[in-house]
Participant: 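My questions all concern the structure below.
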Protein chains: 4
Amino acid sequence: MSVNKVILIGNVGKDPDIRYLDNNVCVANFPLATTDRAYTTRAGVQIPEKTEWHNIVLWRGLAEIAEKYVRKGTQLYIEGKIRTRSWVDQSNITRYTTEIYADNMELLGRKNEQIGASPVSQIDNPVQPSLTSPVQGSNVDSGNNDIDDLPF
Amino acid sequence: MSVNKVILIGNVGKDPDIRYLDNNVCVANFPLATTDRAYTTRAGVQIPEKTEWHNIVLWRGLAEIAEKYVRKGTQLYIEGKIRTRSWVDQSNITRYTTEIYADNMELLGRKNEQIGASPVSQIDNPVQPSLTSPVQGSNVDSGNNDIDDLPF
Amino acid sequence: MSVNKVILIGNVGKDPDIRYLDNNVCVANFPLATTDRAYTTRAGVQIPEKTEWHNIVLWRGLAEIAEKYVRKGTQLYIEGKIRTRSWVDQSNITRYTTEIYADNMELLGRKNEQIGASPVSQIDNPVQPSLTSPVQGSNVDSGNNDIDDLPF
Amino acid sequence: MSVNKVILIGNVGKDPDIRYLDNNVCVANFPLATTDRAYTTRAGVQIPEKTEWHNIVLWRGLAEIAEKYVRKGTQLYIEGKIRTRSWVDQSNITRYTTEIYADNMELLGRKNEQIGASPVSQIDNPVQPSLTSPVQGSNVDSGNNDIDDLPF
DNA sequence: TTTT
DNA sequence: TTTT
């Protein structure tokens, strides 16, 4: 009886940060920019464009796709949910970080643009990921994963 | 070339905070809860339900509807965009707050549940808002608003 | 590199049609109404409200939830994708039907409204479905389903 | 109390059909393809990819942008609503056509790909539309349009 | 820190 | 701070 859904299209701000946990689960983090267009209000006030930065978090198969194909500048479609984490800073103050946990990702733009991820563009490793079951997102992924004791 | 869209269904955490700016523009703020269901992982780990709180911001016509019909506990559909504001706290540290700027809102549940907002349920003030032009969301609203020099 | 996503909130037009296939897979079909609000154009023309009917199709766990809890009049959130099927009518003309294949469903409104599904509201069968793994939607469902040779 | 929302990312099937009504309102129609990925079920059945064709309808400012920048093959983000029209064919049978009425559109891919629409890429006609007020989508558009007596 |  |  609850829905928490985010849909973003934007550009990746820097190469993803990739980590593998002890259980071999992959996690990717990167910033994604969306930009509102500039416009002029009816009263004639000019509103400049405004960029919003989103902290994207990917798990498992989607994180592995990010490792292979996502780079600074990549245009992405991201579908996921909002999650705000709290943490305590060095001054012992509770602070909050809002992140987007992705459960779907699509690489946009044409195939031959998505190179740039040079180490992966090899003959038997198509530049455009096929995203078939073994590397797919959370759905199929969770079905393939015998060890899955993480809280997300 | 950018999309920043959020879709939420949840329950309002407390009565909206309503303000009228000098130019008579109405602004409403309230927290909305969405709750992930509890589940058990394939490894048998129990994950409890988790509630996410979203800071909702409404402007103009939508804020006025909130003033009339939204109360603590109301179930709402919200469509909007993510916006992170930065501010400087008393320790002079830059902090960030993520908010949802709504551009569409729907009151869910059946008509006669949406009472509770007792002061407005008067005879010529139907409990279920008709949401026709004068009080509608951003679209019609912007068309009706001669003074509109705010940056959103 | 493709997205096909539909989000609907509306009311069920009649009790779901439930079928079980030979392999015991459950399928549910029902119409869902969404209604555009009436409004007046800037030129003063009155546009009446307009109801759109959507053919909803649910599979497996979601269909079983529909069997238990969805009835004529139920207010639902549906997330899914558009699919147009062609078929040949008795005059041998190819015709098309557009359906919404749901991959998420939420029952809206308050708990005690969702009764009406009288046969299921028994003591050990909570009216509000818990939607935990065994009866959940496509995600977990596909993980639990050893026989799964259907084309969706 | 109703939501009817569609989000599509796909490729345009052929150059848009552009018409101007008597009141100078522009309407654009074109097919958009979204393609589900091929996959293999847990039972080992291969499901081929499947393409879905959507009939996109744009009005006013969005239709004019389509006239200038959208061509066969263009990758687009479309946000809109589902609408099913009925009509009577030559055999006097009522038939139905489902269309997507767009209220937002974004051209995807990088700037220099979006040429192809060669006749419009002239010096004072930037290839990447700025989409500022005068040519924007339904929102601002309705604000700028003094004659607006159409039923959408 | 992206992109236009 | 909601709701189930």
Side-chain angles (χ1 to χ4, degrees), chain A residues 1-4 8-17 29-39 48-56 70-78 84 86 107-109 113 116, chain B residues 1-4 8-17 29-39 48-56 70-78 84 86 107-109 113 116, chain C residues 65 69 77 106-115 126-132, chain D residues 65 69 77 106-115 126-132:
Chain A
M1 225 156 111
S2 211
V3 172
N4 174 356
L8 303 173
I9 295 177
N11 294 283
V12 173
K14 54 183 181 183
D15 286 358
D17 172 40
N29 289 269
F30 56 85
L32 186 82
T34 58
T35 304
D36 280 2
R37 284 191 268 269
Y39 65 98
E49 71 170 31
K50 179 164 190 322
T51 294
E52 195 68 31
W53 287 98
H54 310 271
N55 303 306
I56 308 297
V70 173
R71 295 293 177 272
K72 178 176 173 173
T74 304
Q75 189 184 32
L76 288 183
Y77 168 89
I78 290 283
T84 298
S86 67
L107 301 158
L108 302 177
E113 279 176 69
Chain B
M1 223 155 114
S2 211
V3 172
N4 174 356
L8 303 172
I9 295 177
N11 295 283
V12 173
K14 53 184 182 183
D15 286 358
D17 172 40
N29 289 269
F30 55 84
L32 185 82
T34 59
T35 304
D36 281 1
R37 283 191 269 270
Y39 65 98
E49 71 170 31
K50 177 163 192 323
T51 294
E52 195 67 31
W53 287 98
H54 309 271
N55 303 306
I56 308 297
V70 172
R71 294 294 178 271
K72 177 177 175 173
T74 303
Q75 189 185 32
L76 287 183
Y77 168 89
I78 290 282
T84 299
S86 67
L107 301 158
L108 302 177
E113 277 176 69
Chain C
I65 293 171
Y69 304 110
Y77 168 88
E106 299 282 334
L107 301 159
L108 302 177
R110 291 208 188 135
K111 191 169 186 169
N112 52 359
E113 280 175 68
Q114 286 163 11
I115 306 189
V127 171
Q128 180 70 8
S130 64
L131 299 182
T132 45
Chain D
I65 293 172
Y69 304 109
Y77 169 89
E106 298 281 335
L107 301 158
L108 302 177
R110 290 207 188 137
K111 190 172 187 168
N112 52 359
E113 279 176 68
Q114 285 163 14
I115 306 188
V127 171
Q128 180 69 7
S130 64
L131 299 182
T132 46

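Chain naming here is simple, since letters A, B, ... match the order of the sequence lines and numbering starts at 1 in each. What you see is a predicted model, and the numbers here were worked out from it, not measured in a lab.
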Participant: Just the rounded figure in Å: distance from C1' of E:dT3 to NZ of A:K72.
Facilitator: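 Taking NZ of A:K72 and C1' of E:dT3, I get 12 Å after rounding.
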
Participant: Is there a donor N/O on one and an acceptor N/O on the other, under 3.5 Å, for the side chain of B:T51 and the base of F:dT2?
Facilitator: yes

Participant: Roughly, in whole Å, what's the span from CD1 in B:I56 to C1' in F:dT3?
Facilitator: 15 Å

Participant: Can you measure B:Y77 atom OH to F:dT2 atom P for me and round it to whole angstrom units?
Facilitator: 25 Å

Participant: Tell me the interatomic distance from B:H54, atom NE2, to F:dT2, atom P, rounded to whole angstroms.
Facilitator: 15 Å

Participant: Tell me, do A:L76 and A:L108 make a side-chain contact under 4.5 Å, heavy atoms counted?
Facilitator: no

Participant: Identify, with sequence neighbours excluded, every residue that meets salt bridge (charged side-chain N to carboxylate O under 4.0 Å, His left out) alongside B:K72.
Facilitator: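 Partners of B:K72 under the salt bridge (charged side-chain N to carboxylate O under 4.0 Å, His left out) test: none.
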
Participant: F:dT3 P sits how many Å from B:L32 CG, rounded?
Facilitator: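 Rounded to whole Å, this separation is 12 Å.
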
Participant: Report the distance from atom OH of B:Y39 to atom P of F:dT4, rounded to the nearest whole Å.
Facilitator: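 Computing the B:Y39:OH to F:dT4:P distance gives 23 Å.
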
Participant: Any stacking of B:W53 on F:dT1, going by centres under 5.5 angstrom and planes within less than 30 degrees?
Facilitator: yes

Participant: What pairs with B:N4 under side-chain contact (heavy atoms from CB on, under 4.5 Å), at least two apart in sequence or on another chain?
Facilitator: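 Here the qualifying residues are A:L8, A:T34, A:E52, A:H54, B:K81, B:I82.
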
Participant: Just by distance, do the side chain of B:E49 and the backbone of B:A38 share a donor-acceptor pair under 3.5 Å?
Facilitator: no

Participant: Please check if the number of heavy atoms outside A:K14 that lie under 6.0 Å from its NZ is greater than 12.
Facilitator: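 No, NZ of A:K14 has 12 or fewer neighbouring heavy atoms, counting only those of other groups under 6.0 Å.
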
Participant: Quick one: which of F:dT2, E:dT1, F:dT1 gets closest to the side chain of B:T35?
Facilitator: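 That would be F:dT2.
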
Participant: Given F:dT4, F:dT2, E:dT2, identify the nucleotide with an atom nearest to the side chain of B:E49.
Facilitator: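 Per side-chain heavy atoms of B:E49, the pick is F:dT4.
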
Participant: Could you check which of F:dT2, E:dT1, E:dT4 has an atom nearest any side-chain atom of A:P31?
Facilitator: E:dT1

Participant: What nucleotide among F:dT4, E:dT4, E:dT2 has an atom nearest to a side-chain atom of A:M1?
Facilitator: F:dT4

Participant: Please pick, from F:dT1, E:dT2, F:dT2, the nucleotide with the shortest atom-to-atom distance to any side-chain atom of B:N11.
Facilitator: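 Of the options given, the side chain of B:N11 lies nearest F:dT2.
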
Participant: Quickly work out the A:I78 CD1 to E:dT2 C1' distance and round it to whole Å.
Facilitator: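 Answer to the nearest Å: 14 Å.
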
Participant: Expressed as a whole number of angstroms, how long is the span from B:R37:CZ to F:dT2:P?
Facilitator: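 That distance rounds to 21 Å.
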
